[in-house]
Amino acid sequence: MKKFSILIAGGGSTFTPEILLLLLEKREQFPIRKIKFYDNDEERQKIIGEACGVLIEHKAPEIEFSYTTDPETAFTDVDFVMAHIRVGKYEMRGKDEKIPLKYGVVGQETCGPGGLAYGMRSIGPVIELIDYMETYSPHAWMLNYSNPAAIVAEATNRLRPDARIINICDMPVGIEARMAVICGLKSRKEMITRYFGLNHFGWWSDIRDKNGKDLMPVIKAYVKENGFNTSQIDGHTDDKSWTDTYNKAKDVYAVDPNFIPNTYLKYYLYPDYVVKHSDLNYTRTDEVREGREKRVFEEARRLIQTKNVENCGFEVGNHAEYIVDLARALAYNTQERMLLIVPNHGAIENFSYDAMIEIPCIVGKNGYEPLKVGKIPVFEKGLMEQQIAAEKLVVDAWVEKSYQKMWQAITMSKTVPSAAVAKLILDDLIEANVKYWPELR
Ligand code: NAD
Ligand code: G6P
Ligand code: MN
């Protein structure tokens, strides 16, 4: 069996240890000869790199492991790049959340003005990763989690249309795990689903078990009362803001009970509610820094110091499983059905041909084959048209260095009440992002 070489770009991420652990766990089905981490923050990379080195040394010393901040060393001799960079790190995520909130607008990592701002930061560095990959390992695949995945996908599709990059999201997977609990199934893999939309902006239209039994009625009845709050344990379970998001899904569902919505639609359909329940001095970034980031880095430091890998505190879940499943599907032609962010090209008949949409695809050795969706209804289509326009305008703004386009993008977001408010937010965002955005004129 061929053995693979894997690079994790954004190696200092809070999600790196869980992906590493899963790769080690699955190496019977997915043999690995080499693992490398790459990050542009040496200090952050060193802590996660040293800790993961302890794990590899203990569990699979035959795997060659290294971490680096040098692109050539990182990208040479690689089969898969798993990318999850956060351009501007948590410091900038905090600003994305707090600046819009100051003006009474949703402050969120990937939705509303904060998400659009993050898009402007991410485009250049993700393109840079693609270029490194094409230079040093042109046959590799990049599996990208780096957010905002919707805008990153629009940009990579426009600027590097032939690149071997697949953009993905773990939110539908996480919600499906909760649906499986609702239906009394052992795993989300016992369900066959149909889904359509943009990234962080979509709906399930059909969910069946392997015998073809329709599971939508049971799930709908549950979501109507409880949203997606279940006993499912995952990375979001203990955090107050996410419990509220899973709960609010019941009100999102009520708007169109024909479908089951992604949690992220809350920010577009109930922005007033979101703002009212936000605290300008304590947003999701603060919660993550005191939660996941603290847990992961404390555990990393403990591992480095004690070298004690028993009872290792890193948690492995859907997030890691999904990206490893995708790599396996490409490596071994498994023909697995997976939700990916891909060019529409007619899959949704009545939606822009070149938009990047999130739909089920069959994945194998030669890449992915999208499944046909057909026509979508006026309500969902209308919402998607507005959102994709905002996302496309961000890419325009980045390419053309255009203040006007970025102002239009923020104005276009359903979360923003007027062009005047959009301008105030934009001017603050420009100041906050001087180190990351092209200079707009
Ligand atoms: P994090 O800040 O802990 O990790 C990101 C790492 O990327 C940092 O170590 C940082 O130094 C590094 N980095 C930033 N710019 C870089 C560059 N140009 N080159 C190399 N490295 C760079 O963040 P996190 O919370 O672990 O999340 C990581 C990313 O994964 C974020 O973009 C997040 O939104 C994304 N994410 C996406 C999904 C999804 O569904 N698509 C799910 C979870 C997380
Ligand atoms: C989900 C989404 C990701 C997003 C993450 C935020 O997993 O799919 O795209 O980055 O939530 O989670 P956090 O815990 O960082 O707020
Ligand atoms: Mn996502």
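Since we're looking at a predicted model, the values are computed, not measured. Order of listing sets the numbers, starting from 1, for every ligand and every atom in it.
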| request: Nearest heavy atom to atom 24 (P) of ligand 1 wins, so pick from Tyr90, Tyr118, Tyr322. | output: Tyr90
| said: If the contact criterion is a heavy-atom separation under 4.0 Å, does Arg93 count as touching ligand 2? | reply: yes
| task | Go through the side-chain N and O atoms of Tyr67 and Glu50 and say whether any donor and acceptor fall under 3.5 Å apart. | result | yes
| remark: Tested for side chain to side chain contact (heavy atoms under 4.5 Å, CB included) against Asn229, the lone hit among Asn247, Asp244, Val223 is Asn247
| Which pair of non-hydrogen atoms, one from Tyr118 and one from Glu109, has the smallest distance, and what is that distance? | CD2-O, 3.4 Å
| In the protein, which heavy atom is nearest to atom 43 (C) of ligand 1, and how far is it? | His319 CE1, 3.4 Å
| request: Please work out whether the ring planes of Tyr145 and His319 are parallel, tilted or perpendicular, with thresholds of 30° and 60°. | output: parallel
| query | Side chain, backbone, both or neither: which part of Trp242 has a heavy atom under 4.0 Å from ligand 2? | reply | side chain
| Does at least one non-hydrogen atom of His236 fall below 4.0 angstrom from an atom of ligand 2? | yes
| message | Quick one: does any side-chain atom of Asp70 pair with a main-chain N or O of Thr73 as donor and acceptor, under 3.5 Å? | response | yes
| request: Go through the steps for Ser352 and Asp354 under the test side chain to side chain donor-acceptor pair (under 3.5 Å), then give the verdict. | output: CA-CA 6 Å; Ser352 359; Asp354 66 346; 4.8 Å; no
| Whether Tyr267 and Tyr264 hold their rings parallel, tilted or perpendicular, with breakpoints at 30° and 60° | tilted
| task | Would you mind finding which of Tyr38, Tyr145, Tyr436 brings a heavy atom closest to atom 37 (C) of ligand 1? | result | Tyr145
| request: Indicate, as side chain, backbone, both or neither, the part of Glu293 found under 4.0 angstrom from ligand 1 when only non-hydrogen atoms are considered. | output: neither
| Roughly how far, to the nearest 0.5 Å, is the CZ atom of Arg289 from the NZ atom of Lys89? | 9.5 Å
| field | Carboxylate-amine/guanidinium contact Lys405 Glu400, below 4.0 Å | value | yes
| query | On the ring face of Phe4, is Arg33 found with NZ or CZ under 6.0 Å from the centre and within 45° of the axis? | reply | no
| Which atom pair, heavy atoms only, marks the closest approach of Lys36 to Ala74? | NZ-O, 3.1 Å
| query | Among protein heavy atoms, which lies nearest atom 44 (C) of ligand 1, and at what distance? | reply | Phe15 CE1, 3.5 Å
| Hey, would you say the Tyr195 and Trp203 ring centroids sit under 6.0 Å apart? | no
| Heavy-atom nearest neighbour in the protein, as seen from atom 4 (O) of ligand 1, with distance rounded to 0.1 Å | Ser13 CA, 3.1 Å
| Considering only heavy atoms, does Glu128 approach ligand 1 within less than 4.0 Å through its side chain, its backbone, both, or neither? | neither
| field | Residue selection (non-hydrogen contact nearest atom 16 (C) of ligand 1) among Val152, Asn40, Asn318 | value | Asn40
| Close N or O approach (Thr110, ligand 2; < 3.5 Å) | no
| query | Is it the side chain, the backbone, both or neither of Arg44 that has a heavy atom closer than 4.0 Å to ligand 1? | reply | side chain
| note | dist Glu336:CD -> Arg328:CZ (nearest 0.5 Å) comes out at 8.0 Å
| Judged by atom type as modelled, is there a donor-acceptor pair below 3.5 Å linking the side chain of Gln108 to the main-chain atoms of Gly114? | no
| So which bit of Pro125 gets within less than 4.0 Å of ligand 1, heavy atoms only: side chain, backbone, both or neither? | side chain
| query | Nearest to atom 16 (O) of ligand 2, what protein heavy atom do you find, and at what distance? | reply | Arg284 NE, 2.7 Å
| query | Using heavy atoms and a threshold below 4.0 Å, how should the contact between Tyr132 and ligand 1 be classified: side chain, backbone, both, or neither? | reply | neither
| Glu176 side chain to Thr193 side chain, donor-acceptor N/O pair below 3.5 angstrom | yes
| When you look for heavy atoms under 4.0 Å from ligand 2, do you find them on the side chain of Tyr264, its backbone, both, or neither? | side chain
| request: Report yes if Asp39 has an N/O atom closer than 3.5 Å to an N/O atom of ligand 1; otherwise report no. | output: yes
| Is atom NZ of Lys250 surrounded by more than 12 heavy atoms (other residues, nucleotides or ligands) closer than 6.0 Å? | yes
| task | Between Met171 and ligand 2, find which residue part has any heavy-atom pair under 4.0 Å and reply side chain, backbone, both or neither. | result | both
| remark: Here the vertex angle at the Mn ion (ligand 3) for SG of Cys169 and NE2 of His200, given to 10°, is 100°
| query | Backbone or side chain, does any N or O of Ala149 fall under 3.5 Å from an N or O of ligand 1? | reply | no
| Which segment of Val288 sits under 4.0 Å of ligand 1 when only heavy atoms are counted | neither
| note | If you compare Arg292, His84, Glu43 by their heavy atoms, the one closest to atom 30 (O) of ligand 1 turns out to be His84
| query | For Arg86, is at least one N or O under 3.5 Å away from an N or O on ligand 2? | reply | no
| Just which atoms of ligand 2 are under 4.0 Å from any heavy atom in His200? | 2 (C), 3 (C), 8 (O), 9 (O)
| message | Please list, in number order, the atoms of ligand 1 under 4.0 Å from a heavy atom of Gly10. | response | 7 (O)
| note | For atom 6 (C) of ligand 2, the closest protein heavy atom turns out to be Glu109 OE1, 3.4 Å
| Which of the ligand 2 atoms, numbered from 1, are nearer than 4.0 Å to a heavy atom of Asn147 | 3 (C), 4 (C), 9 (O), 10 (O)
| So is Ser146 polar-close to ligand 1, meaning N/O to N/O under 3.5 Å? | no
| Neighbour count >12 (heavy atoms, 6.0 Å) for atom CD, Gln335 | yes
| Are any of the N/O atoms in Val87 less than 3.5 Å from those in ligand 1? | no
| said: Using a 4.0 Å cut-off to any heavy atom of Cys169, which atoms of ligand 2 qualify? | reply: 8 (O)
| Asn226 (side chain) donor-acceptor with Tyr222 (main chain) under 3.5 angstrom | yes
| remark: atom 40 (O) of ligand 1 sits nearest the protein heavy atom Asp170 N, 2.9 Å
| remark: Of Ile168, Thr285, Asn262, Asp170, the one whose closest heavy atom lies nearest atom 1 (C) of ligand 2 is Asp170
| Judged by non-hydrogen atoms, does Arg292 sit under 4.0 Å from ligand 2? | yes
| Location of contacts on Gln45 toward ligand 1, heavy atoms closer than 4.0 Å | neither
| field | Residues Lys266, Asp251: salt bridge by 4.0 Å N-O rule | value | no
| request: Check whether NZ of the Lys or CZ of the Arg Lys34 lies under 6.0 Å from the centre of the six-membered ring of Phe65 and within 45 degrees of that ring's axis. | output: no
| task | Show your reasoning for whether side chain to side chain donor-acceptor pair (under 3.5 Å) applies to Ser241 and Glu287. | result | CA-CA 8 Å; Ser241 64; Glu287 206 179 25; 2.6 Å; yes
| query | For ligand 1, is there an N or O atom under 3.5 Å from any N or O atom of Glu109? | reply | yes
| said: Checking a contact table here: which protein heavy atom is nearest atom 27 (O) of ligand 1, and how many Å away? | reply: Arg86 NH2, 3.5 Å
| Which atoms of ligand 1 are found less than 4.0 Å from any heavy atom of Gly12? | 9 (O)
